[in-house]
Number of protein chains: 2
Amino acid sequence: MSEKGLSTRHRIIKAAETLVLKHGFAGTSLDDVLRETGLTKGAFFHHFKSKAELAKAIAENYAEADMKMFVDWSAQADRLSDDPYERVMIFLKLLEEFLDGLTEAPQGCVLAAYVYASGMFEPAVREYVRGRLDWWQCLYEKKFQALIDARPPAAPVTARALAEMIASIIQGAFVLGMAFKDRELMKRQSQQFRHYLDLLFRPRAAA
Amino acid sequence: MSEKGLSTRHRIIKAAETLVLKHGFAGTSLDDVLRETGLTKGAFFHHFKSKAELAKAIAENYAEADMKMFVDWSAQADRLSDDPYERVMIFLKLLEEFLDGLTEAPQGCVLAAYVYASGMFEPAVREYVRGRLDWWQCLYEKKFQALIDARPPAAPVTARALAEMIASIIQGAFVLGMAFKDRELMKRQSQQFRHYLDLLFRPRAAA
DNA sequence: TATTTAATACCGACTAGTCTGTTTGTCAAG
DNA sequence: CTTGACAAACAGACTAGTCGGTATTAAATA
């Protein structure tokens, strides 16, 4: 993997990712990817032993970048406050800030795209996708558990259920944001979820 | 369209729907569908003029059945109560009851599957999908507007935002329910959303 | 009543093109 | 003079779609 080779590999992955989110994995031919990158069959099979390996690479590339962002926001939130409630809120606001910076409607989540064509992928890739989604949910769950431990919620909720909820909201916002080409839908959803947390956990006036 | 012809057409549509939700539209070949139904090319092209027409038929078949269910629940809820809050709650409980009856993890939403491969479809089909998602959201929006008009919410929310939220939650629950093969995830999400509505709209003890 | 006519529903071989993957070859750098 | 990075022609399987044929039914007609 020389300097140039790695960048070619990465160019293939990024071009393929965009195409896969538009046409699905099966709907994206290698020729499509090669047309997009200006490369040839020879180049592709020099870097990937099969289309299936490309699928794996796209998922890994996407998921790792995604995880890094979330880990960063989490660390930043934990640095800015000691309070579990504030930590969750800051975390979500950092996400919203990021969403605000985007100039286009969402392209979609690669993991969800794979879930919606899971039959096309090797079991190992399906497992990987499931694992990343689970990791993501666990990240949230820990935050909510700290929150619930610190303050009694105003309704009987579990950390797991809240984590599932925000994960669902984000995934759903991808689908609807794409369908309606709405750049701000996901941000509104995050805000809405913060309202819920607010009602659940913010100290009442009575206190 | 004789008796038998209609049922064959319908068999093709249903088999294709299942395959499309597993492999994506491009990942589902006509041969796959014909293998599943035990039919041949001749039969297929007797009923559909192209694969694109099948795509349209799958979407319409799915969306219409879906809409009918929701209209039924809505009518039933409106019959059972005059109170906008109760109407929404009953509606959601009817949905949860239906979900409870399912014995398998969700297969996915055809509309979302199409959104995640929108580049494969004719603009008319994309428009149709968008329209059905919008219809669905409007159904909710009306209910929430009646609710907001009847009682002031405990946080500044709009009917539109709440409609977007439940739509997102359901779509996201499809994705996660499929990924984790969790039959009950969507039901838990609906319950969670009811908790939110409860905190927003249920008369406080003070009243 | 017997027979043509027509329409629907379906079969399955065939075509033209696309798909993934292979192979052989080129070229530059170390 | 070998190795990494890529080009380009090629192979074989698979794809959507076509076409000529058959079975069945029912109406029209003689």
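Letters go in sequence order (proteins before strands), and every chain restarts at 1. Side chains are part of it too, since the values below use all heavy atoms of this structure and drop only hydrogens, waters and symmetry mates.
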Got a list of side-chain donor-acceptor pairs under 3.5 Å for residues 162-172 of chain A, not counting sequence neighbours?
| residue | atom | partner | partner atom | Å |
| --- | --- | --- | --- | --- |
| A:Glu164 | OE1 | B:Arg188 | NE | 3.1 |
| A:Glu164 | OE1 | B:Arg188 | NH2 | 3.2 |
| A:Glu164 | OE1 | B:Gln189 | NE2 | 3.4 |
| A:Glu164 | OE2 | B:Arg188 | NH2 | 2.6 |
| A:Ser168 | OG | A:Glu164 | O | 3.1 |

Notebook entry, point to check: When you check every protein heavy atom under 4.0 Å of nucleotides 22-30 of chain C, what one-letter string (B, S, -) results, 5' to 3'?
Noted result: B--------
Notebook entry, point to check: When the nearest nucleotide of DNA chain C is assigned to A:Ala52 and to B:Ala43 on a heavy-atom basis, which residue is associated with the more 5' position?
Noted result: B:Ala43
Notebook entry, point to check: Between C:dC10, D:dA5, C:dG21, which nucleotide has the shortest distance from any of its atoms to the side chain of A:Ser50?
Noted result: C:dG21
Check: To the nearest Å, how far apart are B:Lys51 NZ and D:dT15 C1'?
Finding: 9 Å
Next item on the list: In whole angstrom, give the distance that lies between atom CZ of B:Arg11 and atom P of C:dA9.
Entry: 13 Å
Notebook entry, point to check: Quick one: is A:His47 getting a side-chain N or O under 4.0 Å of the D:dC6 phosphate, OP1 or OP2?
Noted result: yes
Margin query: Need one value for A:Thr37: base, sugar-phosphate or nothing, where a base atom within 4.0 Å counts as base even if backbone is also close, heavy atoms only.
Written below: nothing
Check: For A:His46 and D:dC6, is the shortest distance between a side-chain N/O and OP1 or OP2 below 4.0 Å?
Finding: no
Margin query: Using a 6.0 Å cut-off, check whether atom NZ of A:Lys22 has over 12 heavy atoms from anything other than its own residue.
Written below: no
Next item on the list: State which of D:dA7, D:dT15, C:dG21 makes the closest approach to the side chain of B:Asp31.
Entry: D:dT15
Check: What residue pairs, at least two apart or across chains, pass side chain to side chain donor-acceptor pair (under 3.5 Å) with a residue in residues 107-122 of chain B?
Finding: none
Notebook entry, point to check: Starting at CG of A:Leu19 and ending at C1' of C:dC19, how long is that distance when rounded to a whole Å?
Noted result: 16 Å
Notebook entry, point to check: For B:Thr8 and C:dA9, is the shortest distance between a side-chain N/O and OP1 or OP2 below 4.0 Å?
Noted result: no
Note to self: Angle between ring planes, A:Phe144 versus A:Phe193, binned at 30° and 60°: parallel, tilted or perpendicular?
What the structure shows: perpendicular
Margin query: Using the ring-ring contact (aromatic ring centres under 6.0 Å, His included) criterion, which residues pair with A:Phe45? Sequence neighbours excluded.
Written below: none
Checklist line | Pairs meeting criterion side chain to side chain donor-acceptor pair (under 3.5 Å) with involvement of residues 52-69 of chain A, two or more places apart | finding: A:His10-A:Asn61
Margin query: If you compare every side-chain N and O of A:Ser29 against the phosphate oxygens of C:dT18 (OP1, OP2), does one of them come in below 4.0 Å?
Written below: no
Note to self: Going by ring-ring contact (aromatic ring centres under 6.0 Å, His included), name the residues that satisfy it together with A:Tyr140, two or more places apart in sequence or in a different chain.
What the structure shows: A:Phe91, A:Trp136
